[in-house]
There are 4 protein chains.
Amino acid sequence: MAKQEKNPDKIGVLTSGGDAPGMNAAIRAVVRSCVYYDITPYGIYQGYQGFIDDKFEKMEAGSVKHIIHQGGTVLKSARSADFRTDQGMEKAWKNVQKHDLDALVVIGGDGTFSGALEFGERYDFSIVGIPGTIDNDIFGTDFTVGFDTAVNTVVEAVDKIRDTATSHNRLFFIEVMGRDAGFIAVYSGIGAGAEEVLIPEIDRDVDKLFQSLERTSQRKKSSRLVIVAEGESKSVFELEDEVQQRFGDRYETKVTILGHVQRGGRPNTADRVLASRLGVRSVEALMNGRRNVMVGVRNRSVTFTDFKKATERKPEMDDALLRIADIISI
Amino acid sequence: MAKQEKNPDKIGVLTSGGDAPGMNAAIRAVVRSCVYYDITPYGIYQGYQGFIDDKFEKMEAGSVKHIIHQGGTVLKSARSADFRTDQGMEKAWKNVQKHDLDALVVIGGDGTFSGALEFGERYDFSIVGIPGTIDNDIFGTDFTVGFDTAVNTVVEAVDKIRDTATSHNRLFFIEVMGRDAGFIAVYSGIGAGAEEVLIPEIDRDVDKLFQSLERTSQRKKSSRLVIVAEGESKSVFELEDEVQQRFGDRYETKVTILGHVQRGGRPNTADRVLASRLGVRSVEALMNGRRNVMVGVRNRSVTFTDFKKATERKPEMDDALLRIADIISI
Amino acid sequence: MAKQEKNPDKIGVLTSGGDAPGMNAAIRAVVRSCVYYDITPYGIYQGYQGFIDDKFEKMEAGSVKHIIHQGGTVLKSARSADFRTDQGMEKAWKNVQKHDLDALVVIGGDGTFSGALEFGERYDFSIVGIPGTIDNDIFGTDFTVGFDTAVNTVVEAVDKIRDTATSHNRLFFIEVMGRDAGFIAVYSGIGAGAEEVLIPEIDRDVDKLFQSLERTSQRKKSSRLVIVAEGESKSVFELEDEVQQRFGDRYETKVTILGHVQRGGRPNTADRVLASRLGVRSVEALMNGRRNVMVGVRNRSVTFTDFKKATERKPEMDDALLRIADIISI
Amino acid sequence: MAKQEKNPDKIGVLTSGGDAPGMNAAIRAVVRSCVYYDITPYGIYQGYQGFIDDKFEKMEAGSVKHIIHQGGTVLKSARSADFRTDQGMEKAWKNVQKHDLDALVVIGGDGTFSGALEFGERYDFSIVGIPGTIDNDIFGTDFTVGFDTAVNTVVEAVDKIRDTATSHNRLFFIEVMGRDAGFIAVYSGIGAGAEEVLIPEIDRDVDKLFQSLERTSQRKKSSRLVIVAEGESKSVFELEDEVQQRFGDRYETKVTILGHVQRGGRPNTADRVLASRLGVRSVEALMNGRRNVMVGVRNRSVTFTDFKKATERKPEMDDALLRIADIISI
């Protein structure tokens with residue numbers, strides 16, 4: 001990691017990929033840190049697409065006033081097929097030169113970091129990444145910006161569903177986000193007091209569910225909630241179907257797919273604090289000559305992970321939590 | 001309506017049909033009013049099924065402590081096929097005699113009131129109803145217990161979806177509850193600032209949607225939210241499909257079905273106050289010899305509607321509100 | 001009320017006095033209705049002070065995008081001493097002429113309407129008012145914009161306080177807003193299940209409180225919440241003091257003053273719908289030649305009340321609700 | 001730390017000191033873990049006072065159903081002067097023998113652990129502690145149960161106050177809990193985007209505030225929020241007073257004391273997950289022969305801290321966060 005010879009004068013910031021609550025707090029922290037260190041911040045709209053299409057806007061401290069508590073991203077986000085082409089990258093590089101940008105902060109997930117890695121290497125350009133995704137599926141940080149809020153959104157929804165499940169003695173299958181990772185499912189399952197959690201990381205958890213339903217259908221339990229990560233091998237509808245066939249006489253079943261509500265909403269404090277911290281540290285990292293790294297928090301300290309590692313490896317599911325979930329759902 | 005010769009000594013209360021936030025506040029008010037007027041209250045569990053199966057429990061003021069803010073119903077609810085049979089009704093009547101019950105308060109929707117009407121007439125028994133359903137589809141009251149909370153739950157969810165819709169410039173179809181009535185859709189559509197609302201009461205609103213999409217696809221509008229009542233002639237998936245075929249090049253679409261979260265949750269103040277008012281007045285109505293009526297609130301005053309009328313007629317959709325919705329979604 | 005000869009071409013809108021949740025929804029509806037009817041809307045910043053200081057801004061439909069769910073007022077508010085002087089009024093009138101404004105919508109409380117009445121009469125200028133205040137203390141409308149949200153904010157806070165009160169068996173005095181009117185106290189008292197409510201409209205309610213404490217200190221009741229309107233004859237601290245002197249051996253007391261949190265927050269659906277409705281109808285009223293009136297909702301219909309009457313009379317406290325509060329706090 | 005020769009047969013659990021959101025999740029996890037490991041759980045009501053007064057209740061898995069999301073503590077809490085006397089301890093010890101209790105889990109703060117330490121040593125009795133307090137002021141754990149919820153409650157309240165502060169261009173002083181520790185103030189200050197945070201750990205932060213007010217009163221900043229921990233050297237009212245004297249012509253000031261709302265409310269997911277984890281591990285610790293230790297989480301792993309150390313040392317304020325707060329409030 002080469003030390004830059006001088007401080008950056010101009011730093012851009014963009015959000016890319018799926019939006020996550022807290023992205024605005026991160027943008028705000030990047031912009032304010034730039035102002036604090038006499039660097040000119042540029043907001044780039046609509047992710048890498050705007051990077052290509054020259055949607056740059058010079059910012060100041062006031063540009064990010066009253067956004068810390070807003071969901072979504074004021075810079076908007078988009079997936080960009082163009083950025084995977086040579087022409088796209090070339091156009092973006094021309095914009096960097098045109099605006100005389102010294103460095104870039106990208107906020108997003110592993111797709112975002114892959115793009116950053118390629119662009120940074122190709123043009124010898126300094127980029128630092130902030131993990132912003134509700135899925136918590138990024139290696140190199142204990143938590144991603146947006147995860148805590150998403151999990152709380154799920155738990156609030158499941159608390160409501162429990163009201164009606166309990167009133168009617170029903171078995172609910174609730175699908176939550178997490179195509180590759182079951183973090184949202186596990187945390188919200190424990191938080192909501194769900195009876196079962198099904199995640200892609202665990203094989204044969206469906207068998208375990210059926211055994212548990214067999215067992216509890218003999219004693220009396222007023223209602224049951226099963227949280228299913230969308231990446232689970234069977235869909236919620238397939239699961240409901242099988243349960244109907246096997247246990248239809250003993251359980252009345254319902255399905256709820258929580259969907260896009262999980263992406264939005266006012267960010268919780270943990271996400272605002274995490275985003276603020278990473279925003280400040282990403283700018284300071286660039287000032288210290290860091291590049292092609294993602295800034296994260298592990299064990300309450302800020303850490304840096306090479307983009308390569310951050311995109312190639314996956315964080316491990318916490319077995320201790322799975323065990324906790326089993327014990328208290330007795 | 002015959003005046004009873006003496007005050008009731010014992011009054012039962014049950015919740016029936018789909019649960020709704022605020023039912024607990026109504027139960028609490030019925031029980032506390034009984035205590036206030038020296039009447040013994042009996043809670044009956046699991047609706048008409050528990051009425052048949054003798055799930056009666058004597059209550060006192062403390063039995064309903066700290067339930068005013070809880071969603072669902074502590075008395076549980078159930079649909080009962082048995083109550084539509086002669087044997088079922090006969091069993092329930094035996095329980096009434098066994099516990100020496102003088103009258104009953106039923107909390108639910110029009111199915112609940114139909115059952116009450118038949119039972120009340122068959123055995124010359126006094127029943128008063130409280131409208132408890134999130135759909136607001138009961139004739140004889142401005143609002144039903146649960147509607148305000150459900151609408152706010154929808155609007156909170158749509159506020160979250162707007163965050164992500166705006167960040168990505170997407171068109172969202174959001175299905176809300178309301179099989180026969182579009183009240184939830186219209187109120188939440190106005191409240192959430194949705195661009196379009198589709199309800200069963202209005203023909204050809206799908207055509208209007210397509211015209212509007214045609215028009216706005218030419219100018220720039222960052223995101224669009226369409227609220228669809230579940231009773232609408234086309235499902236959200238059919239709608240999405242048609243929009244994809246016609247406008248797939250101009251709009252990226254997503255579907256969210258809010259589902260059972262709409263039934264649960266802490267009741268809002270309006271529902272708690274309404275439920276408290278109707279709970280007190282239902283007991284007082286029985287004391288005054290009223291029977292076979294639903295107690296509601298119209299124009300801020302308590303009114304009574306015969307069960308017959310309450311179940312045969314439907315409240316009208318408020319055209320003034322539909323007009324408002326059109327004007328401000330410009 | 002003279003019928004205008006032509007439709008207004010330009011309408012201004014301002015917010016004045018204490019801010020209330022839902023004011024943004026009202027501004028949005030006024031602006032959008034203007035656009036809908038081909039009228040040019042002008043936002044005037046900082047209430048009557050900006051009216052004097054020429055803080056006018058031409059608006060369009062997009063100016064009020066994504067504000068329906070925001071608390072506070074994007075037009076800001078201020079109390080203006082200048083507007084009570086001849087020079088202040090004269091300056092404001094010059095601005096009206098300069099911008100060629102045909103009419104004005106003011107959103108606020110009775111102080112706002114008094115100013116509007118005087119200005120409107122002095123310069124023969126058309127003004128319509130929208131009741132926007134959390135206190136619900138305006139004659140001529142069932143509810144003011146902001147009341148429902150404020151009451152729910154109070155009830156959410158009291159629900160939290162009840163958690164801790166119950167855990168410790170404490171007596172809490174909770175002061176809520178309402179200098180002249182006890183509406184917030186009564187609605188939130190019923191909604192939160194408070195044991196007592198003290199409001200300025202009722203004499204001797206403190207005596208009643210002491211009797212009740214005397215009575216219940218003999219039987220066991222785990223915790224007690226007393227809601228006190230700020231306009232009550234005794235302050236919460238005086239009340240706590242007296243209770244300590246008389247019942248200090250039997251009750252552990254605590255005081256909470258909810259304060260300014262009651263003014264803020266995302267408006268609830270009821271306030272958004274009410275504000276949208278009144279916003280549209282205020283513009284239509286001006287188009288129909290109405291002037292010097294407040295637009296309100298009574299019995300679910302829109303009504304008009306002369307500014308004179310709206311400022312001179314006070315809405316009556318709902319005795320039926322006070323009775324309900326007494327019965328269910330048994 | 002002596003290894004017990006046999007597994008405990010009966011374990012008691014109590015909550016003591018100020019209540020905190022998540023205590024119920026901890027109780028639930030302790031009870032369920034006992035059931036899972038064939039240990040009989042006993043709930044002890046009203047903290048050490050109930051320990052003395054023999055308020056023991058045998059529990060089972062169903063006893064803690066549907067409490068994970070409730071604020072406060074179903075076991076109630078109390079401060080007990082009696083437990084600091086020989087007679088009190090002796091009575092409690094008799095109850096332990098009477099019920100044949102093998103061990104105890106106490107949930108609370110450092111006062112709770114001091115009592116546990118003395119009792120455990122005096123009678124050679126096994127006690128494990130769970131840190132439950134909103135203040136986060138316990139050595140030996142990254143976070144205490146209740147802190148995350150309390151901080152989010154504060155931030156939600158400050159978000160509301162910002163609405164009204166912004167609408168009126170006001171300077172607000174907001175007092176939050178934290179007599180000895182500024183954690184709530186710092187986290188909520190960053191999360192709410194407050195302009196200044198005053199905490200007991202930092203000297204001369206009032207001077208810094210005045211300098212900042214001096215500086216910003218010259219440029220235009222629409223509103224300012226100052227978060228003040230209750231342990232700060234000057235009270236919010238003294239601060240307001242001084243600011244009025246020095247800057248009264250430039251700032252309109254307001255004070256809000258958030259008070260007991262900070263203790264209550266539905267626990268957030270982070271607190272539910274933390275409490276569940278610590279609840280399970282406290283029972284397992286007792287099974288493994290641990291005693292006189294507090295179980296906490298550091299760096300995502302469960303750790304044990306001697307009661308002595310947990311009560312004598314204080315966690316350090318995170319300087320990195322203070323620096324972040326400074327930079328982004330520019």
> Would you call D:Glu201 and D:Leu322 a side-chain contact if the rule is heavy atoms closer than 4.5 Å?
Replying inline: no
> Given a strict heavy-atom distance threshold of 4.5 Å, which part of D:Asp318 is in contact with chain A: side chain, backbone, both, or neither?
Replying inline: side chain
>> Please classify the contact between D:Asp159 and chain A as side chain, backbone, both or neither, with a heavy-atom cut-off of under 4.5 Å.
In response: side chain
>> Given heavy-atom pairs under 4.5 angstrom as the criterion, report whether the side chain, backbone, both or neither of D:Arg28 touches chain A.
In response: side chain
> Checking D:Arg162 against chain A: side chain, backbone, both or neither under 4.5 Å from a heavy atom?
Replying inline: side chain
> Where along residues 130-143 of chain A does a heavy atom come under 4.5 Å of chain D, listed by residue number?
Replying inline: A:Asp142, A:Phe143
>> Would you say that D:Glu196 contacts D:Ser212 through its side chain, given a criterion of any heavy-atom pair below 4.5 Å between the two side chains?
In response: yes
>> Any carboxylate oxygen within less than 4.0 angstrom of a Lys/Arg side-chain nitrogen, looking at D:Lys208 and D:Asp326?
In response: yes
> Is the closest side-chain heavy-atom distance between D:Tyr37 and A:Ile327 below 4.5 Å?
Replying inline: yes
>> Taking side chain as everything from C-beta outward and backbone as N, CA, C, O, which of these in D:Ile68 sits under 4.5 Å from a heavy atom of chain A? Side chain, backbone, both or neither.
In response: side chain
> Taking only residues two or more places apart in sequence or in another chain, which ones pass salt bridge (Lys or Arg N to Asp or Glu O under 4.0 Å) with D:Arg281?
Replying inline: D:Glu284
>> Checking D:Leu75 against D:Met59 for the side-chain contact (heavy atoms from CB on, under 4.5 Å) test, could you report, in this order, the C-alpha distance in whole Å, the side-chain angles of both residues, the deciding distance, and whether it holds?
In response: CA-CA 12 Å; D:Leu75 292 179; D:Met59 296 206 150; 4.0 Å; yes
> Is it true that the NZ or CZ of A:Arg290 lies under 6.0 Å from the centre of A:Phe304's six-membered ring and within 45 degrees of the ring axis?
Replying inline: yes
